[in-house]
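Not measured: the values here are computed from a predicted model. Within every chain, numbering begins at 1; the chains are lettered A, B, ... in the order of the sequence lines, protein sequences first and strands thereafter.
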Amino acid sequence: MSSAGAGQQQFRYTQTPSKVLHLRNLPWECAEEELVELCKPFGKIVNTKCNVGANRNQAFVEFADLNQAISMVSYYASSSEPAQVRGKTVYIQYSNRQEIVNNKSSGDVVGNVLLVTIEGVEAGDVSIDVIHLVFSAFGFVHKIATFEKAAGFQALIQFSDSGTASEARNALDGRSIPRYLLPEHVTSCLLRISFSAHTDLNIKFQSHRSRDYTNPYLPVNPSAIDGTLQPTLGPDGKKKEPESNVLLASIENMQYAVTVDVLHTVFSAFGTVQKIAIFEKNGGMQALIQYPDVATAAIAKDSLEGHCIYDGGYCKLHLSYSRHTDLNVKAHSDKSRDYTVQDAGILAVPQAPGVPTVGTGWQGSSQMFAGPQAPATSSQIPGWDPSSHSYVSAPVTYPGQTSAPSVPPYPGAGAIPTVAAASPTASQLISQYGMQPTGQHSSGTGAAQPPYY
DNA sequence: AGCACA
């Protein structure tokens, strides 16, 4: 209910007080800490939002109590000394909003790896050497991976620590790469920088799109030299796809929902499945399945390739090697699973049926990459939860500890539906678990999750 | 020097 019928005409002296203060004319380098230093004498700060506005020199500060915000505004309204940050006068007024919507999702969670979006350029315009040059000004750059996405040309840049990464981000976010480093036809080249959830990029080759500066002896990827992407399946069959312990499965004719549990059941027939991630790709569904070693993955790949999870040609599997070696996935969600994390496993499922666990509705610009230099097929992984960082960095991969849960994902159901044998072993396993398409599973529990295809 | 965005 707005009391003023006059519309947006709000004058300085009649602004309604708010716990949220709007600060402008801040210095460019203004960090949240400096903001807090300025404001905390007046009360408890519960939230901030920095780098607001076209010039990124505005900010919002939210106090716990309205009176605290009022005290700050009135103090500086009558003070002879203006509010300052690093000697620069800061203008303070009540925000026209009553609270800061917490926008600190994923991209603002600091880390040592930056996600850089380079706006207004083609991928070929900015070489990896230029990127390296620009970011090396802030410290040793360990690794760089570049890729193209809907958002544009992007790069993951790994520093030693989050402090260095923060400095680089604070200095370069919203800035442009100097003209003289760019081709002449490039008119603008704005950098948008956020933090990646990654802590260590997985660079397999030195190429025009990825570098590992800590390992100069890393082999040069021959197929990456000419700029062509690695195909997921070699059309002539001669493409030597590098083997991997991670399989990329695309699922064709998906008449039934294929869940993480279903995939786990199928792929566990060949060995311990460590991690699974499901994502949408071009309207179809794909999944990454991680085994502890290449040999197991190879067996699974050969055995399952072209086979269907369900009878009647449903959910046909096409397998290739991923370029990932260690998936960066949330330990337990409807789209991903990390079976190497025991305590977050199936036993600890807190959510009641029908209650959505995590809002995976938005993925935003900070998409997850299990490894850099992802091929085009996996360079659009939308389904992974950006908040997975909390689990990923935990080095819990003891060699013998990576075990799949011995509990069948489905208790023995009487009716064994049409389950086709992808391989004899898989067939036995599936039958013994009484697996049924989860798309139909929802008929039992009224409020179950809808199928997502 | 004048209000963010999933």
To the nearest angstrom, the NZ-C1' distance between A:K49 and B:dA6 comes to 11 Å
### Query
Which part of the nucleic acid does A:N25 contact within heavy-atom distance under 4.0 Å: base, sugar-phosphate only, or nothing?
sugar-phosphate
query = Any chance the rings of A:F159 and A:F138 have centres within less than 6.0 Å?
reply = no
Between A:E99 and A:Y91, the residue closer to the 5' end of DNA chain B by nearest nucleotide is A:Y91
Per the under-4.0 Å heavy-atom filter, residues of residues 50-77 of chain A near DNA chain B come out as A:V52, A:Q58, A:F60
| task | Report yes or no: does A:D338 contribute a side-chain atom to a donor-acceptor pair with the main-chain N or O of A:K330 at less than 3.5 Å? | result | no
Note to self: Looking only at the aromatic ring of each residue, does the gap between the centers of A:F140 and A:F135 stay below 6.0 angstrom?
What the structure shows: no
Of A:K88 and A:R97, the one whose nearest nucleotide on DNA chain B sits closer to the 5' end is A:K88
To the nearest angstrom, the CD-P distance between A:E32 and B:dA4 comes to 19 Å
So salt bridge (Lys or Arg N to Asp or Glu O under 4.0 Å) across residues 56-66 of chain A, not counting sequence neighbours, yields A:R56-A:D173
Here the distance between atom P of B:dC3 and atom CD of A:Q15, to the nearest Å, is 11 Å
The complete set of salt bridge (Lys or Arg N to Asp or Glu O under 4.0 Å) pairs with one or both residues in residues 182-194 of chain A, sequence neighbours excluded, reads A:E119-A:R192
note: A:N96, atom CG; B:dA4, atom P; distance rounded to Å ~ 8 Å
Check your understanding: What about the rings of A:H22 and A:F60, do their centers lie closer together than 6.0 Å?
Key -> yes
note: A:Q98, atom CD; B:dC3, atom P; distance rounded to Å ~ 17 Å
